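Since the structure comes first, as structure tokens, the remarks are kept for the end.
Being a predicted model, the structure only gives us computed values, none of them experimental. So that the names make sense, note that chain A is the first sequence line, chain B the second, and so on, each numbered from 1.
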Amino acid sequence: MAHTYIKELEKHDGHEVVLKGWLAQKRDSKAIVFLVLRDGTGFVQCIVDINTVGEEVFEMAKKLTQESSFTVTGTVRKDDKQFGGYEIQVTALTIYSLAVDYPITPKEHGTGFLMDNRHLWLRSKRQWAIMRVRNTIIYSIHKFFQERGFMQMDAPIFTGNASEGTTTLFETDFYGQPAYLSQSGQLYGEAMAFAQGLIYTFGPTFRAEQSKTRRHLSEFWMIEPEMAFYDLAMDMDLIEQFVQHVVGEVLDSCKIELKVLERDTKFLDRVKEPFIRMKYEVAVDHIQGLKAVDGKTSIQMLEDDLKNIQDEISSKQKDIEEREVKMASGALTKGEKNFNQNKIDQLKNDIKDLEEKATNIPQWLNSAKNFKRGEDFGGSDETVLTRMFGQPIMVYNWPREVKAFYMKEDETDLGYAKGVDLLAPEGYGEVVGGGERETDINKLIGKIEEHKLPMDVFEWYLDLRRYGNIPHSGFGLGLERLVAWICGLQHIRETIPFPRAFGGRLMP
RNA sequence: GGGAAAAUAACUCAGUGGAAGAGUGUCUGCCUGUUAAGCAGAAUGCCGGAUGUUCGAUCCAUCCUUUUCCCGCCA
């Protein structure tokens, strides 16, 4: 008999099915055992009742340990209290393999330990949900582009030129000559767009930046569409539709996953509204506190934030004190004590996070007040700006100096490059960077010289301007940053199955 | 590249210059429906490594190793 997947249980309501998977959780008593089975497509509770299955099967069920693999046969029953809406009344059970001393218990663990066990950690419910969302995002990206006539074309991973300086490139040996792992497929994307019109690349990207933060990986996946005959305005329209499509798909088809992640979708729901578009200079006004939104400048907003955080800290401290008094009274059962202790620990952690935020805000205030017009935004500037609006913001027309050499200069706004950054709300910052490409070959050559880049490795790129030059645009999106934002994750390492980051591990 | 903190049981952590602690998990028994809240009992440690101070160091000092967090750079 072919087995059924948990995701499809609703089609089998009231019928007998065979499920195969692993034990995520167990509770047992004298005559009944609750097994939570996971099979990759979901989680379902299986009830093993001694009166239904007999003593032999019952004993087997009792013997199962966390992450043991097994098969159950049983009847599907609707139960709205259940996580997926269904449960299984077991009639038979066979064991594939008993797991002994599975290291990841249902309780608290530190990140170091979890990262050491990343190969097992992926089985946990939260990680399961993140990977499902990641997959939905990937699928919806392909769907979005394919439905609009874009071709997926792949840029090479080995590249010969150290165009942007070797410090951020991984060097390897390519049959005796130095080669670098790709940092971006952008220039190749342009060549491919001239061949196929609308293209996108979707591949791994490598950056040897020595930055160890919650937003950086050394190896990550990037999507880079490139469109012939698109100007900056069309590029921004596409970015907006694209992000709306992806977020919409996740909201529609990952309800269970977002629930597991306890994701508050308040800000994601607002993504369907038109994005805010503003020129760099206007964004700077907002950051510096020269312009108010809803009657508040950035400075006032940060000051209010700080006050709110301090209030929250003191209310949590009060909560802790009350619980400590209750525990000291001695009138609690052991279970209630545990419950309160856990709550207190959680509150203490929350306070630690809040205190960190509270120390950050004065620094943000400082950096907002002292922001130098003409410079690129720092992480805090992005956060400040997006907090004012609470929805995605596209900042365009950047000072030419802070953007890459291939960005087109705006003829009506000299000194500014037609580049655009999409800033995600909730402090997630830049998730998309793009723009219209420079078409003037002399300006390009000038920029390459100005950046002191070797001309010879760009000859093929300049050919694109020599033969059938056209206006064209594109953008790049870091998949993991998008996953982190949509899932509401604290750290980018959870967005990819096996993260590779500076100072991090190569194993597992 | 700059800064901060940490290393004690399988896990999360407390603790003390003079015989190593809690909670969780695990194991054993009891409880017929639980979803991190039932009850009782048990096992578990070279207190990260090296050197020094000391009668005595898990605790103090120095160095090393490893990890976590923050800033800069970026997607």
Side-chain angles (χ1 to χ4, degrees), chain A residues 24-36 43 45 47-52 58 65-66 79 81-83 87 89 100-117 164-165 167-168 183-184 186 205-224 332-346 348-349 352-353 356-357 359-360 363-364 367 376-380 382 402 404 421-424 428-434 475-485 490-493 495 502-505:
Chain A
Q25 228 176 86
K26 185 177 78 172
R27 296 226 132 212
D28 58 356
S29 64
K30 195 172 187 180
I32 191 162
V33 179
F34 302 95
L35 305 170
V36 177
F43 294 76
Q45 173 167 275
I47 290 104
V48 187
D49 187 331
I50 194 165
N51 298 317
T52 319
F58 187 77
T65 51
Q66 199 189 348
D79 180 358
K81 273 188 305 195
Q82 294 305 321
F83 172 72
E87 64 176 21
Q89 187 72 43
V100 181
D101 294 334
Y102 184 71
I104 301 178
T105 60
K107 295 288 174 182
E108 52 196 325
H109 295 291
T111 41
F113 176 77
L114 289 170
M115 285 308 302
D116 285 343
N117 289 287
E164 288 173 48
T167 52
T168 61
Q183 255 192 341
S184 160
Q186 136 102 58
T205 301
F206 306 90
R207 302 225 175 142
E209 289 159 359
Q210 306 207 329
S211 38
K212 200 180 174 184
T213 76
R214 61 174 67 171
R215 301 172 49 195
H216 286 85
L217 290 169
S218 309
E219 177 184 302
F220 63 98
W221 289 73
M222 195 149 69
I223 297 94
E224 294 178 287
L332 302 182
T333 64
K334 199 175 156 198
E336 283 168 326
K337 260 194 209 160
N338 286 346
F339 180 73
N340 275 296
Q341 190 56 54
N342 285 338
K343 268 276 187 263
I344 288 173
D345 291 346
Q346 202 186 325
K348 279 184 180 166
N349 271 331
K352 234 193 237 165
D353 289 349
E356 198 189 300
K357 265 195 204 163
T359 58
N360 279 338
Q363 289 169 21
W364 291 356
S367 107
D376 206 350
F377 294 167
S380 71
E382 292 174 353
V402 304
D421 281 1
L422 175 72
L423 306 179
Y428 284 94
E430 187 180 347
V431 289
V432 172
F475 63 88
L477 167 101
L479 176 65
E480 285 74 17
R481 286 206 180 158
L482 187 61
V483 175
W485 168 40
Q490 188 72 31
H491 202 295
I492 200 161
R493 70 183 145 220
T495 62
F502 172 66
R505 53 201 91 213

What about [X], does its side chain sit under 3.5 Å from the base of [N] through a donor-acceptor pair?
X      : N     : answer
A/E87  : B/G33 : yes
A/Q82  : B/U34 : yes
A/R481 : B/C74 : yes
A/Q25  : B/U35 : no

So what's [N] paired with, Watson-Crick or G-U wobble, going by both distances under 3.5 Å?
N     : result
B/C11 : B/G23
B/A6  : B/U66
B/G52 : B/C60
B/G33 : none
B/G17 : none

* Asked: For residues A/Q363 and A/S380, is any side-chain donor paired with an opposing acceptor at under 3.5 Å?
  ->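 Per modelled atom types, A/Q363 and A/S380 side chains form no pair under 3.5 Å.
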* A/T105 and A/Q66 side chains, donor-acceptor separation under 3.5 Å ->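 Looking only at side-chain atoms, A/T105 and A/Q66 do not form any donor-acceptor pair under 3.5 Å.
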Rounded [atom1] spacing from [N] to [M] in Å:
N     : M     : atom1 : result
B/A42 : B/A5  : P     : 41 Å
B/C73 : B/U58 : C1'   : 41 Å
B/U12 : B/U8  : C1'   : 12 Å
B/A57 : B/G17 : C1'   : 7 Å
B/G72 : B/G38 : P     : 46 Å
B/A19 : B/U68 : C1'   : 34 Å
B/U66 : B/G49 : P     : 15 Å
B/A9  : B/G48 : P     : 8 Å

Just how far, in rounded Å, is [atom2] of [N] from [atom1] of [X]?
X      : N     : atom1 : atom2 : result
A/D28  : B/C27 : CG    : C1'   : 13 Å
A/L114 : B/U12 : CG    : C1'   : 11 Å
A/Q66  : B/G25 : CD    : C1'   : 9 Å
A/D116 : B/A7  : CG    : C1'   : 13 Å
A/K26  : B/U32 : NZ    : P     : 17 Å
A/M115 : B/C69 : CE    : P     : 10 Å
A/I223 : B/A75 : CD1   : C1'   : 10 Å
A/L482 : B/C74 : CG    : C1'   : 17 Å

Just checking [X]: base, sugar-phosphate only, or nothing, at a heavy-atom cut-off of under 4.0 Å?
X      : answer
A/D376 : sugar-phosphate
A/V36  : nothing
A/T213 : base
A/T111 : sugar-phosphate
A/L479 : nothing

* Asked: Please walk me through it: do A/L479 and A/F220 pass side-chain contact (heavy atoms from CB on, under 4.5 Å)?
  -> CA-CA 7 Å; A/L479 176 65; A/F220 63 98; over 6 Å; no
Within less than 4.0 Å of OP1 or OP2 of [N], is there a side-chain N or O belonging to [X]?
X      : N     : value
A/R493 : B/C69 : yes
A/R27  : B/A37 : yes
A/K212 : B/U68 : yes

* **Nearest-nucleotide comparison on RNA chain B, the residue closer to the 5′ end among A/H491 and A/G379** =>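 Looking at the nearest nucleotide for each, A/H491 comes out on the 5' side.
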* To do: Find which nucleotide of RNA chain B each of A/S380 and A/V431 is nearest to by heavy atoms, and output the residue with the more 5' nucleotide.
  =>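 In this pair, the answer is A/S380.
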To the side chain of [X], which of [options] is closest?
X      : options             : value
A/D79  : B/U32, B/C27, B/G33 : B/G33
A/Q89  : B/A75, B/U32, B/G33 : B/G33
A/Q45  : B/C71, B/G33, B/U68 : B/G33
A/K30  : B/A36, B/U32, B/A75 : B/U32
A/E209 : B/G33, B/U68, B/C74 : B/C74

Working to the nearest 0.5 Å, report the span between [atom1] of [X] and [atom2] of [Y].
X      : Y      : atom1 : atom2 : result
A/T65  : A/D101 : OG1   : CG    : 8.5 Å
A/E480 : A/H491 : CD    : NE2   : 13.0 Å
A/F502 : A/L217 : CZ    : CG    : 13.5 Å
A/I104 : A/H109 : CD1   : NE2   : 6.0 Å
A/D421 : A/F475 : CG    : CZ    : 12.5 Å
A/Q82  : A/Q45  : CD    : CD    : 4.5 Å

* To do: Only counting residues at least two apart or in another chain, list the ones meeting salt bridge (Lys or Arg N to Asp or Glu O under 4.0 Å) with A/R215.
  =>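 Residues passing salt bridge (Lys or Arg N to Asp or Glu O under 4.0 Å) with A/R215: A/E382.
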* pi-stack flag for A/F34 and B/G33, centroid dist under 5.5 Å, interplanar under 30° ->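 No; centroid distance or tilt outside limits.
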Check: protein-nucleotides 8-11 of chain B nitrogen or oxygen pairs below 3.5 Å:
residue : atom : partner : partner atom : Å
B/C11   : O2'  : A/E108  : O            : 2.6
B/C11   : O2'  : A/H109  : ND1          : 2.8

* For the student: nearest non-hydrogen atoms of A/P103 and A/F113, plus distance ->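 Smallest heavy-atom distance, with atoms named: O-CZ, 3.7 Å.
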* Check whether any side-chain heavy atom of A/H216 sits under 4.5 Å from a side-chain heavy atom of A/I492, and report yes or no. =>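 No. Closest side-chain heavy atoms not under 4.5 Å.
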* **Side-chain touch A/T205/A/W221, heavy atoms, less than 4.5 angstrom** =>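 No, too far: nothing below the 4.5 Å cut-off.
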* Has the side chain of A/Q25 got a donor or acceptor atom that lies under 3.5 Å from a matching backbone atom of A/F34? ->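 No; judged by distance alone, with no hydrogens or angles, the pair does not exist.
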Between the protein and nucleotides 44-46 of chain B, which nitrogen or oxygen pairs come in under 3.5 angstrom?
none

